[in-house]
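We name chains A, B, ... by the order of the sequence lines, and we start the count at 1 in each one.
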2 protein chains.
Amino acid sequence: MTTLWERSRQVAVQAILDTAVRLFAEQGYEQTTIAQIAREAGISQRSLFRYFGTKEDLVCGDQEALGELLKRTVEQQSAEMSAWDALRAGFEVLLTANHPPERALELSRLIFETPSLRARYIEKRLRWQAELVPVVRARLGDGPGHPAPDTQAKAIVATVFACIDTATELWAGHDGRIDLADLYDQCLAAVRDHG
Amino acid sequence: MTTLWERSRQVAVQAILDTAVRLFAEQGYEQTTIAQIAREAGISQRSLFRYFGTKEDLVCGDQEALGELLKRTVEQQSAEMSAWDALRAGFEVLLTANHPPERALELSRLIFETPSLRARYIEKRLRWQAELVPVVRARLGDGPGHPAPDTQAKAIVATVFACIDTATELWAGHDGRIDLADLYDQCLAAVRDHG
DNA sequence: GCCTTCCTGGCAGTTAATGCCAACTAGGCG
DNA sequence: CGCCTAGTTGGCATTAACTGCCAGGAAGGC
């Protein structure tokens, strides 16, 4: 443990993030420049880019870690659980592991009202999707004779994320007053329940 | 009709597009600069930006027109058709209205393998989704008493696009040898058929 | 207390994108 | 035919996100 370096790094990262989120909320994402964030956070522009490779990473940078968590959680669900239920369980773990809800709400609103950010966010999510496909496919084998299990797995994962996205958008639109997991269930029911 | 201006504009646009697609295919998207495209297309950099607002628009610029077409097609389906079937009909019209298949394949591959392009493409698609929600919601009213029709409509539209995206990715991965509409049906079946 | 190692900050440069202005050209009108 | 207006084009400057490079400094082992 290179202790002091690690610690001051953590402090710097947190200071940058706080400054950035505050400025984004005050002025909007596009209107806030990297130079301004660096100045107010008391760090050089050059170092800011070393911590966060891009401006977008200031908002959706910690996605990689969550993707890992999601994958591991889905893998560890009991083998009898259907792919849909395993993915739902993974989603629920994400909810508890996320930021404090108030911050998550602020970030979600920012992402959903800034097109370029939303696109970037979805792009990162697509990487999770790719990693989840083999995990989901492993749960499809024991059903009846399915053709093209890969197609099936990809479609299921894509749909689950589409519903997560839709639910999150609705949740942010209602200022977090409606339970996110409930919204997700409603979305999935709208898709899967025939009638 | 301001004829000559209109016509030379069309010619210029086509020349720029041809040059751009060729260079992207040869060197990759990120490695090709706007300056190079402008130089080889025989136009100033400034004018190129007037035709195409951004570099990404060179690849996915004509998406707006397709979005309009999709919305109109879905609207015009017979009222008895379910939301799912109406959306499928819209998708099928898109397929025939698109570029020549060989070019569409090239563009799709470029988009799927270039993260920034894919993000931009998704961003444009999100605008289609938002516009389709009211159209889809109008088809849900005559069913049994549904709670939160907006949630339902959003979830359905998001899922349809997730399946379109998945099908297109698979289609590009198979070099277009599998029918895109068939892939879409497989994706949707994987999501909607319980078993 | 030195020395290696890693981090930081400043500087210059690249690329996409935008605003501004002067030169130009198509097309209408006398 | 010749001018005039309107819309177009291209060059110049500028901004903002990034990247490479190099010097200077601090942390931690010896």
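Paired with A/Tyr29 under the rule ring-ring contact (aromatic ring centres under 6.0 Å, His included), one option of A/Tyr121, A/Phe24, A/Phe112 passes, and it is A/Phe24.
Distance B/Ile16 CD1 to D/dT8 C1': 13 Å, rounded to the nearest Å. Taking atom CD1 of B/Ile43 as the reference point, atom P of D/dT9 lies 7 Å away to the nearest angstrom. Note: CZ (B/Phe52) to C1' (C/dT18) measures 18 Å, nearest angstrom. As rounded to whole Å, 16 Å separates atom C1' of C/dG10 from atom CZ of A/Arg39.
Every residue two or more places apart in sequence or in another chain was checked for a ring-ring contact (aromatic ring centres under 6.0 Å, His included) with B/Phe49, and none qualifies.
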Classify every nucleotide of nucleotides 14-25 of chain D by which part a protein heavy atom approaches to under 4.0 Å, writing B for the base, S for the sugar-phosphate alone and - for neither, in 5'-to-3' order. --SSBBBB----
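No salt bridge links A/Arg127 with A/Glu131; every basic N to acidic carboxylate O contact stays at or beyond 4.0 Å. Using a 4.0 Å cut-off between a side-chain N of Lys or Arg and a carboxylate O of Asp or Glu, A/Glu64 and A/Lys124 qualify as a salt bridge.
Side-chain nitrogen and oxygen atoms of A/Ser44 include at least one within less than 4.0 Å of the OP1 or OP2 phosphate oxygen of C/dG9. Contact annotation: A/Tyr51 side-chain N/O to C/dT8 OP1/OP2 distance is under 4.0 Å.
Within the structure, the salt bridge (charged side-chain N to carboxylate O under 4.0 Å, His left out) test picks out the following pairs touching residues 168-177 of chain B (sequence neighbours left out): B/Arg109-B/Asp175, B/Arg118-B/Glu169, B/Asp175-B/Arg177.
Note on B/Ile164: it clusters hydrophobically with B/Val93, by side-chain heavy-atom contacts below 4.5 Å among ILVMFWY residues.
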